[in-house]
*Asks:* 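Before I ask anything, here is the structure I am working with.
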Number of protein chains: 2
Amino acid sequence: MQARERLVTSAQELMAERGYGGMSPRAVQDRAGAGQGSMYHHFTGKADLARAALDRTAADLRAQAATVLDGPGSALDRLVGYLERERDVMRGCPVGRHAQDPGVIDTGPLRAQLDDTFTWLRTRLTTLVTEAFGDRVDAAALAATIMATVQGGYVLARAAGDPRPFADATDGLAGLLITLGGPSCT
Amino acid sequence: MQARERLVTSAQELMAERGYGGMSPRAVQDRAGAGQGSMYHHFTGKADLARAALDRTAADLRAQAATVLDGPGSALDRLVGYLERERDVMRGCPVGRHAQDPGVIDTGPLRAQLDDTFTWLRTRLTTLVTEAFGDRVDAAALAATIMATVQGGYVLARAAGDPRPFADATDGLAGLLITLGGPSCT
DNA sequence: GTCTATACAACGATAGAC
DNA sequence: GTCTATCGTTGTATAGAC
């Protein structure tokens, strides 16, 4: 494998493990088996390396989400499927976890990648919510609720040192959606 | 004011601004107008200082939450009131924002304070959910959903650089709760 | 209790040889 | 493209005087 490739992969891993602030260029180099010179040849610095890593991580995440969102089943099935899909909960969201890091939020291109990813997801979810519930709900708001419940589930699970709060949160919301999708009173 | 007091306050501020990983003892000292010796006289080190700061921050947060949760109105009113209460969204949750920081999660006493705070909140919310909806829902799960929506709302807002996603997420969940609390089909 | 001085490692980046 | 050497800064903590 090429050095540039190994550097990106190592940066992805270290950002997942330690966050952007905790990812040192030297640690990336060590893991990639590359020297200082190699890294600074391929990237202008830490932020540039992180951008390449985050771009790839975000693309992977969108691809995984799309598998469920564009998959088989009714719109409601797919929304519940998205909520309940398997995740490495204790690791945190590979994208969302960086939203608390000032080093990311204050670095334009890095925050933009977070924003782009969530905007992409919001669009997909809003469509499905509309398809599932019509105008019985505010689709944009409910799409945000779904995303927030997932992101917050990671927070609660990591705080608890236990993945159960994540499952509780998504189960709770899935229950509400299924109830809402049931026989209406009108 | 005593030096110890100023150190704790400064540490609270810096943890809110930069996170635990981004809070350097020296920066705390500078802000508090205290020297190295003073800080290391009152605290054993950075983790100990952070623990004191986080203890106080968490206590403040519980007090604010209790104002709404134990306040006037029906159980449903108070749940919606909790979701919609005013928050400094772009700053992030003073407690939950630390759940992504490995330095916090890997430091027993610090993570324990996050866990204790969310456990306290979960208990309060579960009671209110039961009061509001009886056994029409899984109260523990829905309490987790409420907490996760708030925590995730912070994540989405910071990623977007805009507080609106927070309001969308909480509004969406509040809408579901109000619908659920309305006339039932049975 | 508080101060200044110091230690020592890690950080992020650059220089220049090969 | 990759290496090693080096730079200046900051992080965290200790030492010892006052």
Side-chain angles (χ1 to χ4, degrees), chain A residues 1-56 98 100-111 113, chain B residues 1-56 97-98 100-111:
Chain A
M1 212 201 309
Q2 300 305 313
R4 189 195 150 90
E5 193 60 23
R6 294 199 311 274
L7 285 162
V8 171
T9 304
S10 299
Q12 286 186 272
E13 293 171 5
L14 280 161
M15 283 189 77
E17 292 168 20
R18 315 269 315 152
Y20 174 72
M23 177 196 86
S24 79
R26 207 175 289 259
V28 175
Q29 293 152 209
D30 289 351
R31 185 169 301 203
Q36 290 273 85
S38 183
M39 197 207 95
Y40 282 99
H41 171 75
H42 291 293
F43 303 96
T44 66
K46 174 176 173 171
D48 187 41
L49 174 58
R51 204 183 45 71
L54 189 56
D55 281 359
R56 184 159 314 173
H98 303 297
Q100 311 292 0
D101 191 325
V104 170
I105 296 305
D106 300 345
T107 303
L110 293 179
R111 190 189 64 75
Q113 181 57 269
Chain B
M1 212 200 313
Q2 299 305 313
R4 191 197 150 89
E5 194 59 24
R6 293 199 312 273
L7 284 162
V8 171
T9 303
S10 299
Q12 286 185 273
E13 292 171 6
L14 280 161
M15 284 190 76
E17 292 168 21
R18 315 269 317 153
Y20 174 72
M23 176 196 87
S24 78
R26 206 177 288 260
V28 175
Q29 294 152 209
D30 289 350
R31 186 169 301 203
Q36 290 275 85
S38 182
M39 197 207 95
Y40 282 99
H41 171 75
H42 291 292
F43 303 97
T44 66
K46 173 176 172 170
D48 188 40
L49 173 58
R51 203 182 47 69
L54 189 56
D55 281 0
R56 183 159 314 174
R97 69 160 289 164
H98 303 297
Q100 311 292 0
D101 191 325
V104 170
I105 296 304
D106 300 345
T107 302
L110 293 178
R111 189 187 65 73

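Reminder, nothing fancy here: chain letters follow the sequence lines and each chain counts from 1. Heavy-atom basis, side chains included; hydrogens, waters and symmetry copies ignored.
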*Asks:* Contact boundaries of DNA chain D with chain B (under 4.0 Å, heavy atoms), 5' to 3'?
*Replies:*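 The contacted stretch runs from D:dG11 to D:dT14.
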*Asks:* Nearest heavy-atom pair of A:L110 and A:L54: which atoms, and what distance?
*Replies:*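 Heavy-atom minimum between the residues: O-CD2, 3.7 Å.
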*Asks:* How long is the straight-line distance from OH of B:Y40 back to CG of B:D48, given to the nearest 0.5 Å?
*Replies:*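 So the gap between those two atoms works out to 10.5 Å.
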*Asks:* In sequence, state the C-alpha distance, the side-chain angles, and the governing distance for A:T107 and A:R111, and then conclude on side chain to side chain contact (heavy atoms under 4.5 Å, CB included).
*Replies:* CA-CA 6 Å; A:T107 303; A:R111 190 189 64 75; over 6 Å; no
*Asks:* Does any residue of residues 44-52 of chain A have a heavy atom under 4.0 Å from DNA chain C, and if so, which ones, in number order?
*Replies:*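 Within residues 44-52 of chain A, the residues near DNA chain C are A:G45, A:K46.
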*Asks:* Which atom names give the shortest non-hydrogen contact between B:L14 and B:M23, and what distance separates them?
*Replies:*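 Taking every non-hydrogen atom into account, CB-CG, 3.9 Å.
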*Asks:* Which pair of non-hydrogen atoms, one from A:F43 and one from A:R4, has the smallest distance, and what is that distance?
*Replies:*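 A:F43 and A:R4 have their closest heavy atoms at CE2-NH1, 3.7 Å.
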*Asks:* For A:G21, is there any backbone N or O sitting under 3.5 Å from a side-chain donor or acceptor partner on A:D101?
*Replies:*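 Looks like yes, one N/O pair under 3.5 Å.
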*Asks:* Whether the side chain of A:R18 engages the backbone of B:P102 through a donor-acceptor N/O pair (distance < 3.5 Å, no angle test) should be reported.
*Replies:*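 No, the answer is negative, given that no donor and acceptor are paired below the 3.5 Å cut-off.
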*Asks:* Mind calculating the distance between CE (A:M23) and P (C:dA10) to the nearest angstrom?
*Replies:*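 These atoms are roughly 18 Å apart.
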*Asks:* Starting from C1' on C:dT6, measure out to CZ on B:R26 and report it in whole angstrom.
*Replies:*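 Value for this atom pair: 10 Å.
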*Asks:* For DNA chain C, what residues of residues 4-11 of chain A have any heavy atom nearer than 4.0 Å?
*Replies:*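 Correct list: empty, so none.
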*Asks:* For a side chain to side chain contact (heavy atoms under 4.5 Å, CB included) check, start with the C-alpha distance between A:R51 and A:Q113, then their side-chain angles and the critical distance, and finish with the verdict.
*Replies:* CA-CA 8 Å; A:R51 204 183 45 71; A:Q113 181 57 269; over 6 Å; no
*Asks:* Starting from P on C:dA10, measure out to CD on A:Q29 and report it in whole angstrom.
*Replies:*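 One finds 14 Å between P of C:dA10 and CD of A:Q29, rounded.
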*Asks:* If you measure from the Lys or Arg side-chain nitrogens to the Asp or Glu carboxylate oxygens, is any gap between A:D30 and A:R26 under 4.0 Å?
*Replies:*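 Looking at A:D30 and A:R26, the cut-off is not met.
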*Asks:* Over all heavy atoms of both residues, which pair between B:M39 and B:L49 is shortest? Give the atoms and the distance, please.
*Replies:*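 For B:M39 versus B:L49, the nearest heavy atoms are SD-CD2, 3.8 Å.
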